[in-house]
Amino acid sequence: MRLDKKVTLITGAGSGIGKETALLFAKEGAKVIVNDLNEAAGNQTVTEIIHHGGEALFIQANVTNESDVKKMVEEVLTTYEKIDVLFNNAGISGIGVLHENELENWKNVINVNINGVFLVSKYVIPHMIKQQNGSIINMSSCIAEIGLANRASYAATKGAVLSLTKSMQVDYAKDNIRVNALMPGTIFTPFVEDYLSKDPNPEAAIDSIKRRQLGGDLGKPIDVAYAALYLASDESKFMMGSPFMIDGGVVNGK
Ligand SMILES: NC(=O)c1ccc[n+]([C@@H]2O[C@H](COP(=O)([O-])OP(=O)(O)OC[C@H]3O[C@@H](n4cnc5c(N)ncnc54)[C@H](O)[C@@H]3O)[C@@H](O)[C@H]2O)c1
């Protein structure tokens, strides 16, 4: 029980990495608040947690909507009276080279991937300051460290999340709040299935992604969930402002 009785809020926990992390956190004794925009998907995560004997609550909220976020944080505090861990996981992909991006699409990727992290953190942090305790995990990506073709808007947001993580860590270290970033490589989730489906040659695209990883295959959501578990637990108490790579060697092994 590595997260015994910890209250953990995971955004975008209806699918992929967020869902797998919610299931793992619950197995490790956490009370899990499953946030998602998608009501059916979020409820499904909660049903699975409860089925396995865990404790979870679904709160539908759009992480880009300030009143949704405010209400969500209030509901967590009314129910559980504290928030120990915030996992800012919700995110969307952005495909295309810079000049092919429409401004609306560019703004949308920035809105979810950066403003979403800003807003949920803004409403959770005052409570962590009061508690003088907390762990925040921000979802960046290994794309923040290397250039990858055709992902201009997405790369810009994940680079921003990494910089923001370091800056937040410096500001809140005095309040005993740790802030770290996850840097996954390509993880096989609905998010990746979706962008592969839009590729003119999906098979060639997946082959080229596989060749990029030293292990020759994509990661799985559980690979990232285990890293999130470590950052959420007190075992990682000396990790502060760190980029945590779970990328099959893409960045550091050539
Ligand atoms: N899959 C990968 O290869 C990979 C690699 C690096 C980083 N990431 C990041 O990991 C995170 C999760 O990705 P995934 O692959 O599990 O994606 P996914 O699409 O499977 O899940 C994302 C979830 O976020 C929810 N969501 C989207 N916008 C939201 C909003 N505005 N408010 C609340 N919920 C919202 C979606 O409904 C969905 O359930 C993202 O931030 C993504 O950028 C993914």
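Predicted model, so just to flag it, every value in this text is computed and none were measured. Atoms considered below: every heavy atom in the structure, side chains included; atoms not considered: hydrogens, waters and symmetry mates. Counting from 1, the numbers follow the sequence of the chain as shown.
At a threshold of 4.5 Å between side-chain heavy atoms, the hydrophobic network of Ile, Leu, Val, Met, Phe, Trp and Tyr places Val124 and Leu3 in two separate groups. Phe58 and Tyr80 fall into different hydrophobic clusters, where Ile, Leu, Val, Met, Phe, Trp and Tyr side chains are chained together by heavy-atom contacts under 4.5 Å. Residues Phe87 and Leu119 fall into different hydrophobic clusters, defined by Ile, Leu, Val, Met, Phe, Trp and Tyr side chains chained together at heavy-atom separations under 4.5 Å. Hydrophobic clustering of Ile, Leu, Val, Met, Phe, Trp and Tyr side chains at less than 4.5 Å, counting indirect connections, keeps Val85 apart from Val63. With hydrophobic clusters built from ILVMFWY side chains whose heavy atoms lie under 4.5 angstrom apart, Leu9 does not share a cluster with Leu24.
The nearest pair of heavy atoms linking Asp247 to Met183 is CB-O, 4.0 Å. Here the shortest heavy-atom pairing between Ala13 and Val34 reads CB-CG1, 3.7 Å. Here the shortest heavy-atom pairing between Arg212 and Leu148 reads NH1-CD2, 3.6 Å. Gly18 approaches Ile10 most closely through the heavy-atom pair O-CG2, 4.0 Å. The shortest non-hydrogen separation linking Pro221 to Ile187 is N-CG2, 3.4 Å.
Here salt bridge (Lys or Arg N to Asp or Glu O under 4.0 Å) pairs that include residues 226-237, with residues two or more places apart or in two chains, are Arg2-Glu235, Lys6-Asp234.
A distance-only check finds no donor-acceptor pair linking the side chain of Thr8 to the backbone of Leu86 [under 3.5 Å]. Listed for the Gln132 side chain is a donor-acceptor partner under 3.5 Å among the backbone atoms of Ile129. Looking at Asn89, its side chain does come within 3.5 Å of a backbone N or O of Gly12 through a donor-acceptor pair. No side-chain donor-acceptor contact under 3.5 Å links Asn115 to the backbone of Thr64.
Applying the side-chain contact (heavy atoms from CB on, under 4.5 Å) test between Ser140 and each of Leu162, Thr165, Asn180 identifies Leu162 as the sole match. Partner Asn88 forms a side chain to side chain donor-acceptor pair (under 3.5 Å) with one of Asn138, Thr11, Asn113 and no other, that one being Asn138.
In this structure, Glu102 places its CD atom where only 12 or fewer heavy-atom neighbours from other residues, nucleotides or ligands lie under 6.0 Å away.
Glu75 has its side chain out of reach of Met72: every pair of non-hydrogen atoms, C-beta onward, lies at least 4.5 Å apart.
Classification of Asp194 and Lys198 as a salt-bridged pair holds, one side-chain N sitting under 4.0 Å from a carboxylate O.
Between Tyr154 and Phe191, the ring planes lie tilted relative to each other; the angle falls in the 30° to 60° range.
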request  = Apply the test side chain to side chain donor-acceptor pair (under 3.5 Å) to residues Ser15 and Asp36: give CA-CA distance (whole Å), side-chain angles for both, the deciding distance (0.1 Å), then the verdict.
outcome  = CA-CA 9 Å; Ser15 174; Asp36 210 285; over 6 Å; no
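There is a side-chain donor-acceptor pair under 3.5 Å between Glu66 and Tyr123.
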